Amino acid sequence: MGHQEVKVVLNASVFLAAMLLDEPKEVSDGAMRMLLDIDSGKVIAHVPDRFEDEVLGGLVEAISKGRPVSAIVFATFLHFWEKFRVHSRNTDWRAEEVFQAALRWRVSYYDAIYLVVAQKVGATYWTADKKLLRFLRQHRFHDLPASAWIGDYR
Amino acid sequence: MAKSKGKPRADDKALLAELDKRLASLQEGKGDWNEFWLWWDEHFAIKGKGILDGFLKQKELARGWDSKSKPKRKQS
Amino acid sequence: MAKSRGKTKADERKLLAELEDAKSEVTQMFEALRTGAISEDEFKQWWQARVAFKGRGFLRSMLERRELARGWDTKRSKSS
Amino acid sequence: MGQQIQAEKKAVVNASVFLTAILVDEPKEVRQGAFQLLQDIVAQKVTIHIPDRFEDEVLGGLVEAVTKGRPILATPTAIFSALQRFIRVATIHHRSIDWHAEEVLQAALRWRVSYYDALYLVVAQKVGATYWTADRKLLRFLQHHRFPDLPLMAWIGDYR
């Protein structure tokens with residue numbers, strides 16, 4: 001129970017990775033550890049409002065592929081959704097700044113939303129996307145927030 | 001790879017002012033739309049093949065069904 | 001539940017009813033873990049049995065789509 | 001059929017329609033429809049309704065387009081400002097006010113489309129608009145399945 005606030009930004013793939021049985025253990029374990037820390041209040045999770053669309057979109061996709069997604073999964077999402085600090089478009093982040101950031105960092109607009117939120121709140125961006133991390137590390141853009149692979153979350 | 005990036009150039013301002021002027025007169029019923037779109041393409045368009053297809057492909061993947069083949073009848 | 005293609009309104013209502021029960025189950029389990037009423041292992045067993053679902057390649061396809069939206073192909077590393 | 005489409009005063013469009021207008025190498029028929037729609041927006045012959053996510057989608061597509069392709073003259077920022085001239089007059093439907101994540105989720109499962117598709121379709125259904133898209137595969141799928149509560153839909157290449 002440290003009093004220093006640890007801030008994380010996570011994307012939908014990290015959240016869903018904690019629930020997927022067939023993913024590499026280090027990824028789902030890391031994601032699980034993060035969720036438990038968020039639940040206990042050890043870390044504060046910041047997400048853009050679009051996170052909700054991304055998770056629900058991912059679940060729709062899973063269901064349409066015939067995956068057994070139960071009501072518990074939705075309930076788990078709602079449980080965490082209440083704990084997240086949600087950053088709203090036009091209030092906490094602006095389309096224009098995300099657009100400029102995406103062009104500057106040469107990432108997608110989607111990546112940039114999460115990175116911009118992380119930059120604003122001084123959080124680390126945790127992702128399951130190794131390729132993105134490799135790209136960002138290679139290019140060392142000076143104003144990027146800290147980012148890390150979810151498998152390394154301790 | 002596009003190098004222009006986000007920073008607005010000085011002539012962007014003039015270009016947008018010209019756009020507003022043209023749109024205003026079209027709204028008043030003056031001017032010709034065909035000519036407008038030719039001008040539009042010379043100034044605001046992006047060259048590159050398959051961009052729309054790439055965009056639609058991502059949307060398609062999110063559907064979970066493959067529209068080329070029939071949706072799988074998977075028993076769970 | 002899994003085979004939800006072409007759901008009917010009745011299916012949806014059923015899902016919503018299930019959701020209420022599911023919500024209290026989730027709250028209870030997290031609460032139990034926080035207060036030490038159950039161990040982390042017990043919690044994880046519950047998670048694996050009730051929450052986790054099979055979805056081979058699901059994460060990969062999600063990430064691949066994100067990659068497509070970037071426009072750069074990391075395999076061919078088009079760095080200008 | 002064409003006349004019915006023409007008489008429709010409300011339209012919901014997705015980002016692909018706006019992107020078509022700036023992609024010079026896309027098929028002429030598709031661009032022609034997109035141009036006509038934009039003209040009608042300026043002339044106030046049609047009211048467009050879009051979810052708040054629309055702008056993100058256009059910007060996302062634009063980032064992708066300038067990375068894969070080459071802007072002819074204007075910078076990406078100016079291209080977006082130009083497109084905004086047409087978005088400005090749209091009625092924007094806001095999340096948690098005009099549409100809710102749960103209803104989009106339910107609609108997506110009911111119509112067997114993605115959450116993203118469902119968002120636009122839900123907005124169209126709510127306002128009684130025709131949904132215009134460049135996505136022929138989606139239209140083919142929905143026309144084939146004929147779900148009873150879907151809004152009207154059409155391919156942007158058919159816009160007159």
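Throughout, protein chains are lettered first and strands after them, A, B, ... in sequence-line order, and every chain is numbered starting at 1. Predicted model, so just to flag it, every value in this text is computed and none were measured.
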Proximity breakdown for D:Ala43 and chain B, heavy-atom pairs closer than 4.5 Å:
neither
Is there a side-chain contact between B:Ile51 and D:Glu64 in this structure, where contact means two heavy atoms from C-beta onward sitting under 4.5 Å apart?
no
Which portion of B:Gln58 sits near chain D, non-hydrogen atoms under 4.5 angstrom:
side chain
Which answer fits D:Phe35, side chain, backbone, both or neither, if we ask what part of it has an atom under 4.5 Å from a heavy atom of chain B?
both
Beyond-backbone contact of B:Lys47 with D:Ile72, side-chain heavy atoms, under 4.5 angstrom
yes
With a 4.5 angstrom heavy-atom cut-off, which part of D:Leu19 approaches chain B: side chain, backbone, both or neither?
side chain
For residues B:Leu52 and D:Ala134, report the shortest heavy-atom separation together with the two atoms involved.
CD2-CB, 4.2 Å
Can you check whether B:Asp11 reaches D:Leu73 side chain to side chain, under 4.5 Å on heavy atoms?
no
Testing the basics here: between D:Val42 and B:Gln27, what is the closest heavy-atom pair and its distance to 0.1 Å?
O-NE2, 3.2 Å
Closest heavy-atom contact between D:Asp25 and B:Lys49?
OD2-N, 4.1 Å
Could you tell me which non-hydrogen atom of B:Phe44 sits nearest to which non-hydrogen atom of D:Ala74, and how far apart they are?
CD2-CB, 3.9 Å
So OH of D:Tyr120 and NZ of B:Lys59: to nearest 0.5 Å the spacing works out to 7.5 Å
For the interface with chain B, which of D:Ala21, D:Ala108, D:Ala118 has the highest count of heavy-atom pairs at distances below 4.5 Å?
D:Ala21
Give the minimum heavy-atom separation between B:Leu16 and D:Ala78, together with the two atoms involved.
CD2-O, 3.7 Å
Plane angle bin for D:Phe86 and B:Trp37 - parallel if under 30°, tilted between 30 and 60°, otherwise perpendicular
parallel
Nearest-0.5 Å distance, CD1 of residue B:Ile46 to CD1 of residue D:Ile79
4.0 Å
Nearest-0.5 Å distance, CD of residue D:Gln39 to CG of residue B:Asn34:
7.5 Å
Looking at every non-hydrogen atom in both residues, tell me the closest pair between D:Ala15 and B:Phe55 and how far apart they are.
CB-CZ, 4.0 Å
Lys/Arg-Asp/Glu bridge criterion (N-O < 4.0 Å) met for D:Asp117, B:Arg63
yes
Could you measure the distance from the CG atom of B:Leu56 to the NZ atom of D:Lys137? Nearest 0.5 Å is fine.
8.5 Å
Just verifying a value: how many Å separate D:Asp135 CG and B:Lys57 NZ, rounded to the nearest 0.5 Å?
11.0 Å
